[in-house]
Amino acid sequence: MAKPKVAFYWNASCGGCEEAVVDLAEDILKVVEAVDIVLWPVAMDFKRSDVEALKDGEIAVSFLNGAVRTSEQEDWAKLLRRKSGLVVAFGSCAHLGGIPGLANFYDREGVFRTAYRHVPSMEGGNGVEPRRKTKMPEGELELPEIYDTVHALDQVIDVDYYLPGCAPPADLIMEAVGAILKGELPPKGSVLAPDKSLCDTCDRNESKPEKLQITELKRPHQTFMDPEKCFLAEGVVCMGPATRSGCGERCINANMPCRGCFGPTDQVRDQGAKFLSALASIIDIKDPEEMERLTESIPDPTGVSYMYSLATSLLTRKQLGK
Ligand code: SF4
Ligand code: SF4
């Protein structure tokens, strides 16, 4: 019997999700044995024409990582949607917009200005920015269009399932692959991870006092972080209350607070707003000046609260032209 065809593709991402597949270690052999990989740019030399030659729906499942911020990425996403029975948004950037989605605090010109003129590594550079078309002696070169707004995958195509995480952990990937191969999938649109908050599964939760109240916020490098104690109770911003569990508390176990890469649980529409509301509920300050001092102690509150989810939040982006 023919093996199910599977595709892996990358859009605007750092490459970590590709590493996550390689990190399956010997389990990758089980995947390769069970499926026929028809596209995997990081590891195999397939061309776009190979995918175009497939019948619509012929690929059983495509795993797409990365956000969508260029016309080329949008084209690929639409092509793979047409050719695939199932599409899985793989990792935080495809799921929520992820770190690339923070570009939505700017527009394309702002991003170019910073990246090609103002960052210290570009000092003394020639200030050349990417252009759609460039005339060369050999002919005209064309680059994909870079959009003002970074999109999560489901803002561009229909998505069947979401594998969260930066990057998704090996156990969740293998569970998802197993469920797809056995046809034992949850309802369409499900996030393939537990629907509980990270605080619910975090060992440090028990260290929280009965009434949690804080009067100051500290950044990780400004304090000794006791490996047994809840970060929030110690005044260190931790996104645990607003974040889905399932990562195995990877950052917490490395004594670093959660930054929210698994996104919110099903009950939460806006992860950043949920976190800010949770944080506000434990701040024990009445004096307005003291309150201002505390808010100013977080250098980038929106960047922290929406680090992975700005593109899919209620804010979506900064208003263009403002
Ligand atoms: S706030 Fe962070 S450290 Fe505290 S219980 Fe939640 S996930 Fe754990
Ligand atoms: S602790 Fe938070 S940021 Fe770290 S891997 Fe888990 S969900 Fe992601």
Side-chain angles (χ1 to χ4, degrees), residues 13-14 16-17 19-20 23 65 67 89-102 152 162-173 175-176 191-214 216-220 223-268 270-272 274-284 298 300-301 303-310 312-313:
S13 66
C14 67
C17 285
E19 290 298 320
D23 278 353
N65 71 69
F90 188 100
S92 307
C93 301
H95 175 203
L96 306 162
I99 299 285
L102 287 172
Y162 303 83
L163 251 175
C166 178
D171 60 335
L172 290 190
I173 299 173
E175 273 173 35
V191 177
L192 304 175
D195 191 22
K196 285 180 179 172
S197 85
L198 190 67
C199 289
D200 284 344
T201 55
C202 175
D203 287 344
R204 300 189 191 206
N205 209 351
E206 286 182 6
S207 75
K208 279 182 187 163
E210 205 165 304
K211 186 162 171 28
L212 179 53
Q213 290 188 316
I214 56 171
E216 62 175 335
L217 287 170
K218 288 161 270 181
R219 299 175 73 192
T223 183
F224 168 75
M225 296 195 291
D226 185 327
E228 306 290 323
K229 292 205 173 138
C230 167
F231 290 107
L232 263 187
E234 298 288 288
V236 174
V237 167
C238 179
M239 291 283 291
T243 300
R244 184 183 291 269
S245 69
C247 67
E249 291 78 46
R250 288 185 296 198
C251 302
I252 311 290
N253 292 339
N255 207 22
M256 286 301 286
C258 173
R259 286 293 172 252
C261 79
F262 260 54
T265 58
D266 289 349
Q267 293 73 40
V268 174
D270 187 304
Q271 186 184 22
K274 165 77 181 173
F275 175 70
L276 289 172
S277 143
L279 182 63
S281 73
I282 60 168
I283 292 175
D284 184 27
I298 318 175
D300 179 12
V304 169
S305 329
Y306 291 97
M307 189 174 285
Y308 288 91
S309 65
L310 179 63
T312 45
S313 70

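Here, residue 1 is the first one in the sequence, and each next residue gets the next number. Just follow the structure's listing: the first ligand is 1, and inside any ligand the first atom is 1.
- E234 is not listed as a side-chain neighbour of T223, based on a closest heavy-atom distance of 4.5 Å or more.
- Counting protein heavy atoms only, atom 4 (Fe) of ligand 2 is closest to C251 SG, 2.2 Å.
- Remark: minimum distance from atom 5 (S) of ligand 2 to any protein heavy atom is reached at R250 NE, 3.4 Å.
- Short contacts between ligand 2 and F262, defined as distances under 4.0 Å to a heavy atom of the residue, involve ligand atoms 7 (S).
- D270 places a side-chain heavy atom less than 4.5 Å from the side chain of Y306.
- Between R244 and the options T265, D266, T201, a side chain to side chain donor-acceptor pair (under 3.5 Å) holds for only D266.
- Residue T243 has at least one heavy-atom neighbour below 4.0 Å for each of these atoms of ligand 2: 7 (S).
- Donor-acceptor pairing under 3.5 Å is lacking for the side chains of S313 and Q271.
- Between H95 and T312, the closest heavy-atom pair is O-CG2, 4.1 Å.
- The ligand atoms of ligand 2 that sit less than 4.0 angstrom from a heavy atom of G260 are 2 (Fe), 3 (S).
- Among all non-hydrogen protein atoms, the one lying nearest atom 3 (S) of ligand 2 is R259 N, 3.3 Å.
- The distance cut-off of 2.8 Å around atom 6 (Fe) of ligand 1 captures these protein N, O or S atoms, sorted by chain and number: C199 SG.
- No more than 12 heavy atoms of other residues, nucleotides or ligands sit less than 6.0 Å from atom CZ of R219.
- Remark: minimum distance from atom 6 (Fe) of ligand 2 to any protein heavy atom is reached at C247 SG, 2.3 Å.
- The two atoms that bring P168 and C17 nearest to each other are CD-SG, 3.8 Å, heavy atoms only.
- Residue C166 places no heavy atom under 4.0 Å from ligand 2.
- Atom 8 (Fe) of ligand 2 has as its closest protein heavy atom C261 SG, 2.2 Å.
- Taking all atoms of both residues into account, the shortest heavy-atom contact from K208 to C199 is NZ-SG, 3.8 Å.
- When each of P264, C166, P164 is paired with L96, the side-chain contact (heavy atoms from CB on, under 4.5 Å) condition holds for P264 and for no other.
- Distance check, rounded to the nearest 0.5 Å: SG of C258 to CG of L198 gives 5.0 Å.
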